[in-house]
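To start, the structure under review is shown below, and the notes come after it.
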Amino acid sequence: TTNHPPTPRRMRGAQAAAGPTPAAKKQATVHETVSARTRGARRRNETSTLPIQPVVALNLARVYALHHDETFLHMAAVCTAWKRASEQACHLVRDTTFGELKSGRRTGRFDRPHSVCFMPNRSMVIADCDNFRLQFWSRSGTTTRDEVELLGGTACPTAVAAAGAHIYVVEHGSHTVSKLRASSGALLTRACGWGGGDSELRHPWGGALAGQRLFVMDAGNSRVCCFSTSNLTFKYAFGERGFGPANQYSFVAPKGMAFYEGELFVADAGAHCLWVFDTEGSLLRVVGRPGSEPGRFRRPIGVAAANGRLYVTEHGGERLQVLDLQGNALQILRFGVPLSGVCADNRHVVVTAVEPDLGGLDMQAPKKLPPAVHMLEVCQQSLSFEAEALGSGT
């Protein structure tokens with residue numbers, strides 16, 4: 001018989017009997033992989049549209065900000081919608097740092113910068129305490145003008161406040177309050193001196209402006225003194241004989257001050273709390289108590305108020321706490337270095353760091369210190385998001 005070449009039909013039959021070719025197997029594998037990826041993408045798209053109420057996102061974001069070292073990764077990992085909500089609820093975001101913690105006259109060196117405030121032109125002035133001077137910086141971290149050297153080698157500015165064309169400086173070492181011209185730094189008037197009487201101070205620390213009044217924390221005399229901003233005339237004082245019901249409370253180690261919406265806030269590093277007064281000296285409430293939990297303090301030194309919030313720096317806790325006006329913790333940022341000064345507006349919050357206390361003669365200072373000034377950006381969307389969330393119900 002004659003052997004004929006196999007026809008195409010016979011070839012297909014033979015291939016079917018032998019099984020799929022390697023090329024066909026590869027093509028099928030690719031098809032299955034693409035299908036699996038498509039199904040996975042479809043499931044991810046379905047979960048990414050998981051709805052979340054704004055008020056729920058706000059509260060969850062606050063919980064993660066307090067208990068997960070200010071990160072929102074756990075919440076953001078749920079889905080795209082939750083990630084977007086957590087980002088909107090985050091109030092402060094680290095922005096930039098500058099300056100070094102080191103004594104010396106070189107610009108950009110700070111030796112215990114205990115206070116900072118914003119100027120009317122949106123720049124900032126920093127009280128460089130142990131270098132006995134004021135330094136002026138922009139929000140981008142560049143110097144804006146020459147420093148202002150304070151009179152005497154013991155001035156030690158621990159508080160600075162600015163309004164209009166003037167800067168007010170509380171000088172811890174010389175026990176005085178000074179009023180300077182903001183444009184030139186020229187001294188206009190100076191008041192007080194060592195003592196415990198009217199128009200006298202003993203190691204003052206904090207200061208806060210309230211309209212035409214300047215409040216000064218007279219730490220050595222355990223009282224708050226009120227002065228006129230026009231010529232630094234002494235007006236009145238409160239707290240020396242105690243305060244609160246039956247005068248049962250007294251200052252322990254009062255430091256920074258802030259004024260906001262008719263209330264005066266005093267950070268007490270010794271009592272580990274904030275005292276809240278009206279402008280006449282009546283105690284309204286106490287915020288916080290000793291501890292490391294959110295809303296509690298370890299040696300609070302600085303306090304600022306803006307955006308319906310309190311910003312409190314802790315020397316012992318080495319962190320910045322963001323609270324509502326009643327003292328409920330909203331956000332915590334940890335710095336790993338003692339903090340001191342703080343100022344805030346609707347754009348930025350600025351905190352200053354100081355050298356750590358060695359606590360013993362056998363301890364050595366760290367070889368590298370962190371930056372002196374830390375700037376954080378206020379997320380504008382967080383303010384509108386919070387208003388929307390709270391307005392949508394609880």
Side-chain angles (χ1 to χ4, degrees), residues 112-120 125-136 147-241 243 251 253-259 264-267 275 277-281 301-303 341 343:
R112 298 194 177 276
H114 281 305
S115 181
V116 57
C117 81
F118 289 125
M119 302 277 286
V125 55
I126 303 172
D128 190 3
C129 179
D130 286 358
N131 283 326
F132 316 119
R133 62 181 178 177
L134 304 179
Q135 293 196 49
F136 298 85
E147 65 185 45
V148 172
E149 295 188 15
L150 300 175
L151 298 176
T154 59
C156 298
T158 52
V160 60
H166 303 110
I167 299 174
Y168 301 87
V169 184
V170 176
E171 299 175 20
H172 177 76
S174 60
H175 320 285
T176 59
V177 181
S178 299
K179 180 179 180 179
L180 312 179
R181 193 179 304 278
S183 59
S184 63
L187 178 64
L188 298 178
T189 184
R190 206 177 194 198
C192 300
W194 172 270
D198 295 350
S199 299
E200 292 180 336
L201 299 171
R202 185 178 290 126
H203 295 302
W205 191 276
L209 286 170
Q212 300 301 312
R213 290 178 288 185
L214 171 66
F215 290 94
V216 175
M217 189 65 248
D218 187 8
N221 290 316
S222 297
R223 63 180 183 177
V224 174
C225 294
C226 180
F227 299 87
S228 169
T229 57
S230 59
N231 54 8
L232 298 184
T233 301
F234 177 84
K235 299 176 71 68
Y236 59 91
F238 62 85
E240 187 174 11
R241 296 180 177 84
F243 46 84
F251 296 118
K255 298 295 185 179
M257 305 176 68
F259 178 79
L264 189 66
F265 299 86
V266 177
W275 306 107
F277 302 92
D278 63 18
T279 55
E280 301 303 319
I301 288 186
V303 57
C343 67

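Between Y168 and T229 there is a side-chain heavy-atom pair separated by less than 4.5 Å. Put simply, the side chain of S174 reaches to within 4.5 Å of the side chain of R190, judged on heavy atoms. Put simply, the side chain of D218 does not reach to within 4.5 Å of the side chain of E200, judged on heavy atoms. Counting heavy atoms from C-beta outward, V177 and L214 have side chains that approach closer than 4.5 Å. Side-chain contact between L150 and S178 is absent, with no heavy-atom pair separated by less than 4.5 Å. Contact annotation: the side chain of K235 never approaches that of T233 to less than 4.5 Å [non-hydrogen atoms, C-beta and beyond]. Using a 4.5 Å cut-off on side-chain heavy atoms (C-beta onward), V224 and M217 make contact. Between V160 and I167, some side-chain heavy-atom pair lies under the 4.5 Å cut-off.
Shown here for G207 and A159, the closest heavy-atom pair between the two residues is N-CB, 3.5 Å. When all heavy atoms of K255 and I301 are compared, the pair lying nearest together is CB-O, 3.4 Å. Shortest non-hydrogen contact noted between C117 and A162 is SG-N, 3.7 Å. P157 approaches F132 most closely through the heavy-atom pair CD-CA, 4.2 Å. What you find for D130 and C156 is that their closest heavy atoms are OD1-SG, 4.2 Å. For the pair P254 and W205, the tightest heavy-atom approach, listed with the atom from each and the gap, is O-CB, 4.2 Å.
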Derivation and outcome, side-chain contact (heavy atoms from CB on, under 4.5 Å), residues T279 and R213: CA-CA 10 Å; T279 55; R213 290 178 288 185; 3.7 Å; yes
Mind running ring-ring contact (aromatic ring centres under 6.0 Å, His included) on F277 and F243 for me, showing each step along the way? CA-CA 10 Å; F277 302 92; F243 46 84; 5.0 Å; yes
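Here OG of S115 is found 9.5 Å from CD1 of I126. Values are rounded to the nearest 0.5 Å. Interatomic distance, L134 CG to L180 CG, rounded to the nearest 0.5 Å: 6.5 Å. Going from atom CG of L201 over to atom NE2 of H175 covers 9.0 Å, rounded to the nearest 0.5 Å. Atom NE2 of H114 and atom CG of D128 lie 10.0 Å apart (nearest 0.5 Å). If you take NE2 on H166 and CG on L209, they are separated by 11.5 Å, rounding to the nearest 0.5 Å. The OG1 atom of T158 lies 11.0 Å from the NE2 atom of H203; values are rounded to the nearest 0.5 Å.
Scanning for side-chain hydrogen bond (donor to acceptor under 3.5 Å, both in side chains) contacts around S230 gives S228, with sequence neighbours left out.
In summary, the aromatic rings of F265 and F259 are positioned with their centroids too far apart to meet the 6.0 Å limit. Aromatic rings of F227 and F215 (six-membered ring for Trp) have centroids beyond the 6.0 Å cut-off, not under it.
A salt bridge is absent between R202 and E240: the closest approach of a Lys/Arg side-chain nitrogen to an acidic carboxylate oxygen does not fall below 4.0 angstrom. Ion pairing of E147 with R133 is present here, as a side-chain N (NZ or NE/NH1/NH2) and a carboxylate O approach within less than 4.0 Å.
No side-chain donor-acceptor contact under 3.5 Å links Y236 and R223.
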